[in-house]
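Here is the structure we will look at.
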Amino acid sequence: MPKRVWFLIIGMLVNTTGNSFLWPLNAIYMHDYLGKSLAMAGFVLMLNSAAGVLGNLLGGYLFDRIGGYKAIMLGILLTIASLIGLTIWHGWPHYVWFLTILGFSGGIVFPGMFALAGAAWPEGGRKAFNTIYLAQNVGVAVGPALAGIVADYQFDYVFKVNLGMYILFFFIALFTFKRLEAGSIAPKNVLSESKRIVNKAPFYALLIISASSVLCWLAYSQWSATISSYTQDLGLGLKQYSLLWTINGLLIVIGQPLIAPLVKRWEHNLKRQLVFGVTLIALSFGIIAFANDFKMFGAAMLVLTFGEMFYTPALPTIANQLAPKGRQGFYQGIINSAATGGRMIGPLFGGIMVDQFGMIPLVLTLVVIVLLAIIPCLTYDYPLKKNKIVAD
């Protein structure tokens with residue numbers, strides 16, 4: 001792995017650790033501290049994710065137009081400004097305003113990080129994106145573990161730590177990310193490349209695989225929305241709930257050797273990897289239907305995490321394979337937007353379902369929704385075959 005990629009890894013680690021202080025606790029804070037219903041909390045999280053969709057698309061577009069460094073720095077500066085506001089004013093309705101801005105600014109950053117990884121290590125293929133994915137999940141392991149302790153002491157400190165981590169991320173990006181752009185696509189080539197794109201089959205293939213991401217993330221988002229509140233109703237404290245995310249993050253890192261043989265075997269058949277991952281994610285929600293203590297939720301998180309390890313890293317890899325030259329950032333923005341779209345719909349859908357029917361009907365519905373995601377996983381390359389384009 002090139003040394004320059006380590007700057008991205010460290011940046012993503014710091015970024016995700018800071019974010020992980022807040023996002024797993026959003027629904028709990030709005031429901032338990034601000035006294036809002038799960039449906040209202042879901043609506044606010046939907047606004048956050050909707051803004052994230054716009055941010056993803058803008059971030060990918062800016063990567064192709066002005067370069068990853070400038071796009072990421074813009075997102076970081078907007079995030080710091082909104083976190084300063086959130087640290088000072090985190091009551092109602094200020095929480096809604098600043099959380100929505102955070103969704104937009106954070107959305108700008110992530111496509112640039114993944115696209116920059118592909119540009120900095122083009123020969124790395126899946127490894128480049130998996131490395132950033134692992135850095136994310138180390139942050140997910142560390143952030144919630146510390147956040148649970150901090151929130152139990154005083155919730156206000158969660159906002160301050162998040163702000164501090166993003167300021168650190170700003171300086172890491174400021175001094176290291178500029179040099180990573182040597183291998184990225186020059187903005188002057190984007191328009192000329194786009195004019196040469198006559199065959200739209202790869203873009204249609206991207207949209208199909210993105211549909212599976214929407215469905216899976218609709219379900220996955222319940223862990224930081226309805227399931228988070230459900231664990232509190234069952235008597236799990238903030239520390240135990242945060243520990244579930246620590247299990248998720250640590251397992252993704254230490255579990256890589258366990259999944260490596262299958263990943264290597266399916267290296268040139270990503271469909272099998274996707275379907276296996278989706279099946280495990282569906283199974284995890286089946287376990288939640290019977291969960292009433294920390295052990296059962298831990299088992300569900302274990303299965304979910306292995307499903308995520310197979311499914312999630314394959315998506316940016318496919319997007320990179322499908323992207324024409326000069327459009328990598330845009331394609332990464334699309335695939336990120338699909339995930340954000342699922343996170344946008346999920347909390348509101350879950351909040352309404354729980355308020356109207358209860359938790360068990362929701363998780364059983366989620367099993368069906370996730371299984372439906374197998375269909376686009378199996379058919380995403382149909383436009384390529386129809387146009388006789390060989391997919392990697």
Side-chain angles (χ1 to χ4, degrees), residues 19-53 82 85-87 89-104 106 144 147-148 150-152 154-156 158-159 162 214-215 217-242 244-245 285 288-289 291-294 297 300-301 339-370:
N19 284 340
S20 297
F21 262 78
L22 187 58
W23 63 258
L25 303 177
N26 274 321
I28 293 175
Y29 181 72
M30 285 185 279
H31 186 253
D32 295 352
Y33 289 79
L34 298 181
K36 304 302 175 182
S37 68
L38 281 177
M40 177 55 72
F43 177 72
V44 175
L45 293 176
M46 183 187 74
L47 292 178
N48 170 267
S49 295
V53 171
S82 58
L86 192 61
T87 301
W89 302 287
H90 43 263
W92 194 267
H94 307 90
Y95 198 84
V96 181
W97 305 341
F98 291 119
L99 201 65
T100 302
I101 298 172
L102 278 175
F104 177 73
V150 172
D152 262 354
Q154 189 171 336
F155 209 105
D156 290 4
V158 170
F159 306 114
N162 197 352
V214 172
L215 295 174
W217 277 102
L218 184 154
Y220 194 109
S221 66
Q222 303 307 318
W223 272 95
S224 57
T226 52
I227 295 174
S228 65
S229 182
Y230 183 55
T231 61
Q232 303 306 293
D233 292 341
L234 292 176
L236 276 70
L238 284 175
K239 288 182 181 178
Q240 284 187 307
Y241 170 69
S242 297
L244 291 171
W245 286 110
F285 286 100
I288 292 174
N292 53 20
D293 58 18
F294 178 77
F297 280 104
M301 179 60 86
T340 309
R343 289 194 292 267
M344 176 181 71
I345 302 166
L348 181 60
F349 171 77
I352 293 173
M353 282 286 293
V354 171
D355 286 346
Q356 296 297 319
F357 305 106
M359 193 66 197
I360 304 305
L362 169 63
V363 293
L364 294 178
T365 302
L366 294 175
V367 172
V368 176
I369 288 173
V370 174

Atom CG in L38, atom CE in M359: separation rounded to 0.5 Å? 9.0 Å

Evaluate the side-chain proximity of I345 to W217: yes if any heavy-atom separation is below 4.5 Å, no if none is. no

Give the minimum heavy-atom separation between T226 and G351, together with the two atoms involved. CG2-N, 3.6 Å

The test is side-chain contact (heavy atoms from CB on, under 4.5 Å); show your working for I288 and I360 and say whether it passes. CA-CA 8 Å; I288 292 174; I360 304 305; over 6 Å; no

Has the side chain of S49 got a donor or acceptor atom that lies under 3.5 Å from a matching backbone atom of G341? no

Heavy-atom closest pair (L102 atom, S82 atom, distance to 0.1 Å) is CD2-OG, 3.1 Å

What side-chain hydrogen bond (donor to acceptor under 3.5 Å, both in side chains) pairs are there with at least one residue in residues 349-361, not counting sequence neighbours? none

Hey, can you tell me if Y220 and W245 have their rings parallel, tilted or perpendicular (30° and 60° cut-offs)? tilted

To the nearest 0.5 angstrom, please state how far the CH2 atom of W92 sits from the CE atom of M40. 5.5 Å

Sub-4.5 Å side-chain heavy-atom contact between L99 and L45: yes

Rounded to the nearest 0.5 Å, how far does CD of Q232 lie from CD1 of I227? 12.5 Å

Out of curiosity, M344 CE to L47 CG, how far, rounded to the nearest 0.5 Å? 10.0 Å

Does atom CZ of F43 have more than 12 heavy-atom neighbours, drawn from other residues, nucleotides or ligands, at distances under 6.0 Å? no

Less than 4.5 Å apart, side chain to side chain, heavy atoms only: is that true for S228 and Y241? yes

Heavy atoms only: give me the nearest F294-Q240 pair and the separation to one decimal. CE1-O, 3.3 Å

Locate the shortest heavy-atom distance separating V370 from A219; write the atom from each residue and the value. CG2-CB, 3.4 Å

Worked check of ring pair (Phe, Tyr, Trp, His ring centres under 6.0 Å) between Y95 and Y33: CA-CA 12 Å; Y95 198 84; Y33 289 79; over 10 Å; no

Do L364 and F285 have side-chain heavy atoms sitting under 4.5 Å apart? no

Counting only N and O atoms by type, is there a donor-acceptor contact under 3.5 Å from the side chain of S224 to the main-chain atoms of S221? yes

Which heavy atom of N292 sits nearest a heavy atom of L234, and at what distance? CA-CD1, 4.0 Å

Non-hydrogen side-chain atoms of N48 and F104 separated by less than 4.5 Å: no

Fit a plane to each ring of F98 and W89, take the angle between them on a 0 to 90° scale, and name the class: parallel (under 30°), tilted (30 to 60°) or perpendicular (over 60°). parallel

Quick one: OG1 on T365 to CD1 on I369, what's the gap to the nearest 0.5 Å? 6.5 Å

With a 4.5 Å limit on heavy-atom distance, are the side chains of V158 and N162 in contact? no

Side chains of M46 and P347 in contact at under 4.5 Å (non-hydrogen atoms): no

Shortest non-hydrogen contact from Q222 to L362? OE1-CD2, 3.9 Å

Judged by atom type as modelled, is there a donor-acceptor pair below 3.5 Å linking the side chain of H94 to the main-chain atoms of H90? no

I'd like to know if the side chain of S242 and the backbone of K239 have a donor-acceptor N/O pair within less than 3.5 Å. no

